[in-house]
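A, B, ... follow the sequence lines: proteins, then strands. Residue 1 opens every chain.
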Protein chains: 2
Amino acid sequence: MIKKLKKLGLKLTPQRLAILNLLEGNTKHPSAEEIYKQLKPQYPSLSLATVYNTLEVLARAGELQEIRINADKRHFDPNPAPHTHFLCRICESVHDLDAGPIEIQAPYNINGYLVEEFTLYFYGICPGCLERERSKNQ
Amino acid sequence: MIKKLKKLGLKLTPQRLAILNLLEGNTKHPSAEEIYKQLKPQYPSLSLATVYNTLEVLARAGELQEIRINADKRHFDPNPAPHTHFLCRICESVHDLDAGPIEIQAPYNINGYLVEEFTLYFYGICPGCLERERSKNQ
DNA sequence: TTATTAATTTATAATAATTATAAATTGATA
DNA sequence: TATCAATTTATAATTATTATAAATTAATAA
C-alpha cells in the first residue's frame, strides 16, 4: 500500500496513511464525513478537506472506488473492483451485494454510444431492518 | 393526464399543467432548473420551488421518474417505466439507452436483502460528442 | 544533518442543488 | 359566491462538496 502511494508519486503523509488504514478491509462503505469523524479524535488537526482530497486522489489512482448510490452523499469502498451495491432505504447503510454474473463489459459501443463504465445499484431493505420491521409488526 | 391528476386528488393548477405539458413526449430528460427556465417566460410568476414540488408529487404518483445518473443534479423523464439511461461525460446530456433485455425483476430477495428497485446507468461519450472529437483530431 | 522546495494540509469561504418556511393566493366544493 | 384546504411564491436554510490561499511538511540533495 505504501509502495503504491510512492509508485504514484504521492507523498506519504500521516493523514493519507490513516485514511488508508481506516478503509483497509472496511466493509461499511463510509462517507467522507464518517471517515473524518472517526479519525478526528486521533488526528485533531485533520481537516475535512484533506479527507476529500485524499479520497479523490486515491479514487483517481484506482485504489478505491466512489459509490454514488445515495443521492445525498458519496460513499467509499476500499475494493476498487467493479461489483454491485445495495442501499437500505430505512437505515441508509450501504452493502456489497453479489447479484450473480453481470454480462456488461465496458468499454463497448451500443447504438453509437461509447459506454466506458456503468453502475448497477440496488435499493430496498437490508436484513437487519427487515428483522426490526418484523418484530414491530407482531 | 388531467384525469390522472384528479384521480390522485391533486388540484389542477396552471403550473402543473405547464410542467406536464413540457415533459409530455420530451426525450431530453431536463433538470428542474431547465424546466423552470423554459417555463418562466410564459409563466412569470413561476417559482423554482413549485417546479420541485410538482416533480416530487408527480414522481411519487408514478407519473414520471427521477433520474439520478448525474451526481450534481436530478433529471426527469416523463416515461415512468423502468429503462436504462446514459450520461455523456462531455456534454452532460442524458439519453435513453436500450441495453437489451435486463433480467432483473424487482422486488425480489437476494441474500436476505429485499430488493425493491434498482438503477442501471451507463457513462461515456454520446454520438454527437464522439463525432465532434473525431473532427477535432483530424 | 540541514536547506530547499514542491506537495500537502488546513481553516475557511464559496458553490450549488435541494428543502423548509410562512405568508399570500387559488382551485374545488357546497 | 363564500369557504377552506391545497398550492404557490419568495426567500432563507441546509448540506455535501469544491475552491482558495496561507501555513506546514515530506522528500530530496548538498
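- Applying the ring-ring contact (aromatic ring centres under 6.0 Å, His included) test between B:Tyr113 and each of A:Tyr123, A:Phe86, A:Phe122 identifies A:Phe86 as the sole match.
- Distance, B:Arg60 CZ to C:dT19 C1': 13 Å, rounded to whole Å.
- Side-chain contact between A:Leu58 and A:Leu5 is present, with at least one heavy-atom pair separated by less than 4.5 Å.
- Two residues are said to be in side-chain contact when any heavy atoms from C-beta on lie closer than 4.5 Å; B:Arg16 and B:Lys11 meet this criterion.
- Counting only heavy atoms from C-beta outward, the side chains of B:Lys73 and B:Glu34 never approach each other to under 4.5 Å.
- Dashed line: the shortest gap from a side-chain N or O of A:Tyr52 to OP1 or OP2 of D:dT18 is not under 4.0 Å.
- Crowding of B:Lys40 atom NZ: a count of heavy atoms from other residues, nucleotides or ligands under 6.0 Å exceeding 12.
- Put simply, A:Arg74 has no side-chain N or O that comes within less than 4.0 Å of OP1 or OP2 on D:dA16.
- Contact of the A:Pro127 side chain with the B:Asn111 side chain is not registered, since no non-hydrogen atoms from C-beta on lie closer than 4.5 Å.
- Atom-to-atom, OH of A:Tyr36 to C1' of C:dT10 comes out at 10 Å; the value is rounded to the nearest Å.
- Within 4.0 Å (heavy atoms only), A:Lys11 reaches at least one base atom of the nucleic acid.
- The CG atom of A:Asn53 sits 10 Å away from the P atom of C:dT10 (whole-angstrom rounding).
- Aromatic ring orientation, A:His29 versus A:His85: perpendicular (interplanar angle above 60°, classes split at 30° and 60°).
- The phosphate of C:dT10 (OP1 or OP2) has a side-chain N or O of A:Gln15 nearer than 4.0 angstrom.
- If you measure from atom CD of A:Glu56 to atom P of C:dA7, you get 17 Å, rounded to the nearest angstrom.
- Between the C1' atom of C:dA28 and the NZ atom of B:Lys7 lies a distance of 19 Å, rounded to the nearest Å.
- For A:Asn70 and D:dT15, the CG to P distance is 14 Å, given to the nearest whole Å.
- When rounded to the nearest whole Å, the span between NZ of A:Lys73 and P of D:dT14 equals 16 Å.
- In this structure, CG of B:Leu55 is placed 15 Å from P of C:dA17, rounded to the nearest angstrom.
- Place A:Thr54 and B:Ser31 on DNA chain C by their nearest nucleotides, and A:Thr54 ends up nearer the 5' end.
- The nearest heavy atom of DNA chain C to A:Leu10 and to B:Arg68 marks one nucleotide each, and the one closer to the 5' end goes with A:Leu10.
- Annotation: proximity of residues 37-50 of chain A to DNA chain C (heavy atom, distance under 4.0 Å) is found for A:Ser45, A:Leu46, A:Ser47, A:Ala49, A:Thr50, numbered in ascending order.
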